Amino acid sequence: MSISVFDVLKERGYIAQCTNEDEVRAMLENEKVTFYIGFDPTADSLHVGHFLGLMVMSHLQKAGHRPVCLVGGGTGTVGDPSGRSDMRKMLTDEDIEYNCNQFKKQMARFIDFSDGKALMVNNGDWLRKLNYIDLLREVGAHFTVNRMLAAECYKNRMEKGLTFLEFNYMIMQSYDFLELHRRYNLKLEMGGDDQWSNIIGGVELTRRITGDAVYGLTFTLLTKSDGQKMGKTAGGALWLDKEKTSPYDFYQYWRNVDDADVERCLALLTFLPMEEVRRLGALEGQEINEAKKILAYEVTKLVHGQEEADKAKAAAEAVFGGSGSSENMPTVELTAEDAAKKLVDVLVAAEVFGSKGEARRLIQQNGLSLNDEKVTDPDYTLSEGNFTDGEAIVKKGKKKFYRLLKV
RNA sequence: GGGUAGGUGCCCGAGUGGUUAAAGGGAACGGACUGUAAAUCCGUCGCCGUAGGCUACGAUGGUUCGAAUCCAUCCCUGCCCA
């Protein structure tokens, strides 16, 4: 083995905190380590934040270690208060089960689960069976409330109110580590940096009860250079589910990241060699657009596959490069009847706009074009002449394109 | 359970009887500038619409010509006390 995975992770900028850097490095160099990352089923799709964790897992798996993907069928019922300023919405059991299944499907694209090379487990399998008194006696005795209250992750909530329900989240997550250690001799828990408190909880609990050496490591959160969370779009998160965020939109998101974030994103979200990452990140001015294209393509390829990435790229080039093909643009299908209605009504019906007011406003602000011509009349009505081969192109703002297609 | 401070638009936050669709900021969106970037500047930012109307300030009911603003009950949250 030439270079240690640990150093790879470090070089690419993944690592935020580690319980003991030297020991973890040594462990990863000398043995096959079983490790885990937990994913709580708070929505019906994974998003880019999760993707970062999957990248880390993938790096480690390629280095011969065994990932355990833990879906939080149990912890999801409680809600992690870490770093949050308000309580999470309570999910029904059905939601949780559904979401867990969605997660599983998506994760299978990034992690190789064949031949036991990785495991998928659900902490609901053990957490839901726990008996309160037994748990208190076995686990509760090892936590001091004083310490828990001092944890960084509760800071926000100490002002706004933290329920006992959520306060217990740390205990549940810690127990997960213990349980996984017992079942699979798992030795390392990883998570986003906001999980640090929860992770050391598990490390300490497992050490105390079993006496075994176990470790924790957090990876950096995906933030922009100005500190804001990355992966936020108008519609909310940047989802990995193509029904929730289309491959085209996904591609465009990365195509448009800030100059300052390109290198970081390439390092964290693609497998390009670091020399290449650094080279691309060093490009300046106009040229850095090349780096962004590569970033967008590579990330989209990882998440949606090569075919979708090619389509997204082609669509983007068609739209911004001026070369014809509109095939891969988001398409609005129109009946003959629709094709003679007011443009505004058609676009609202297609959910291109949230309301007519919004659409009118955009027209008044000169932000809407039909086939490259500004639409100036809010009451503009579609007619035969707008369509070429049954197709018309609508441009919303500067970079959102839609294809109207008569069917 | 008692006391007390609160619950306002996507978020933060002003407003305490009409002039308030509701100050200000942030986010978002459009335009200019550019490199499909950032920063900056200008504009927009509840819904339908020509006017005008409708719906909104935790919930419900009430007082009033008129309420986010007053009263009652209820729900929720912080803090202090038990």
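Nothing here was measured: the structure is a model prediction, and the numbers come from that model. Residue numbering restarts at 1 for every chain, and letters A, B, ... go by the order of the sequence lines.
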Using the closest heavy atom to pick a nucleotide of RNA chain B for each, name whichever of A:T163 or A:K293 lands nearer the 5' end.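 Closer to the 5' end of RNA chain B: A:K293.
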
Taking for each residue the nucleotide of RNA chain B with the nearest heavy atom, is it A:K356 or A:G161 whose nucleotide lies nearer the 5' end?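 Nearer the 5' end of the strand: A:K356.
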
Side chain of [X] (C-beta onward), nearest among [options]:
X      : options                : answer
A:Q252 : B:rU36, B:rC48, B:rC29 : B:rU36
A:N256 : B:rU36, B:rG30, B:rC48 : B:rU36
A:R361 : B:rG30, B:rC47, B:rC48 : B:rC47
A:L362 : B:rC47, B:rU36, B:rG30 : B:rG30
A:K400 : B:rG30, B:rU36, B:rC48 : B:rG30
A:K398 : B:rG30, B:rG31, B:rU36 : B:rG31
A:K374 : B:rG35, B:rA38, B:rG31 : B:rG31
A:Q365 : B:rG35, B:rG43, B:rC29 : B:rG43
A:K292 : B:rC29, B:rC48, B:rG35 : B:rG35

Could you list by number each residue of residues 281-288 of chain A showing a heavy-atom separation from RNA chain B of less than 4.0 Å, or answer none if no residue does?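 The answer is A:G285, A:Q286, A:I288.
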
[N] [atom2] sits how many Å from [X] [atom1], rounded?
X      : N      : atom1 : atom2 : result
A:N289 : B:rA38 : CG    : P     : 11 Å
A:K395 : B:rG30 : NZ    : P     : 11 Å
A:E358 : B:rC48 : CD    : C1'   : 14 Å
A:R360 : B:rC29 : CZ    : C1'   : 18 Å
A:D377 : B:rU50 : CG    : P     : 11 Å
A:K313 : B:rU36 : NZ    : P     : 16 Å
A:F353 : B:rU44 : CZ    : P     : 18 Å
A:E166 : B:rU77 : CD    : C1'   : 13 Å

Residues A:H304, A:Y251; criterion ring pair (Phe, Tyr, Trp, His ring centres under 6.0 Å); working and verdict: CA-CA 10 Å; A:H304 293 297; A:Y251 178 96; over 10 Å; no

Pick the [atom1] atom in [N] and in [M], then give their distance to the nearest Å.
N      : M      : atom1 : result
B:rG9  : B:rA21 : C1'   : 9 Å
B:rC45 : B:rG30 : C1'   : 10 Å
B:rU50 : B:rA56 : P     : 23 Å
B:rG78 : B:rU8  : P     : 15 Å
B:rU60 : B:rU69 : P     : 13 Å
B:rG7  : B:rA82 : P     : 28 Å
B:rA23 : B:rU16 : C1'   : 15 Å
B:rA39 : B:rC48 : P     : 31 Å

Any salt bridge linking [X] with [Y]? Criterion: basic side-chain nitrogen under 4.0 Å from a carboxylate oxygen.
X      : Y      : value
A:E138 : A:R182 : yes
A:E308 : A:K301 : no
A:D259 : A:K292 : yes
A:R25  : A:D7   : yes
A:E204 : A:R147 : yes

Are A:F167 and A:Y154 close enough that their ring centers fall under 6.0 Å?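 Yes, close enough.
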
For residues A:F51 and A:F110, establish whether the separation of their ring centroids is below 6.0 Å.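 Judged by ring-centre distance (under 6.0 Å), A:F51 and A:F110 do meet the cut-off.
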
At what distance, to the nearest 0.5 angstrom, does CG of A:L368 lie from CZ of A:R361?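 Reported value, rounded in 0.5 Å steps: 13.5 Å.
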
Assess [X] against [Y]: is NZ or CZ under 6.0 Å from the centre of the six-membered ring, and within 45 degrees of the ring's axis?
X      : Y      : answer
A:K396 : A:F353 : yes
A:R208 : A:F143 : no
A:K395 : A:Y402 : no

Regarding A:V257, tell me which of base, sugar-phosphate or nothing describes its non-hydrogen contacts under 4.0 Å with the strands shown.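 Sugar-phosphate only.
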
Does OP1 or OP2 of B:rG46 have a side-chain N or O of A:S355 closer than 4.0 Å?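 Answer no for this pair, as no side-chain N or O of A:S355 is under 4.0 Å from OP1 or OP2.
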
Whenever both distances are under 3.5 Å in a Watson-Crick or G-U wobble pair, mark it; put RNA chain B into dot-bracket that way, with [ ] for crossing pairs and | when the partner is on another strand. ((((((((.[[[..)..(.....]]].(((((.......))))).(((...)))...[[[[[..)....]]]]]))))))).

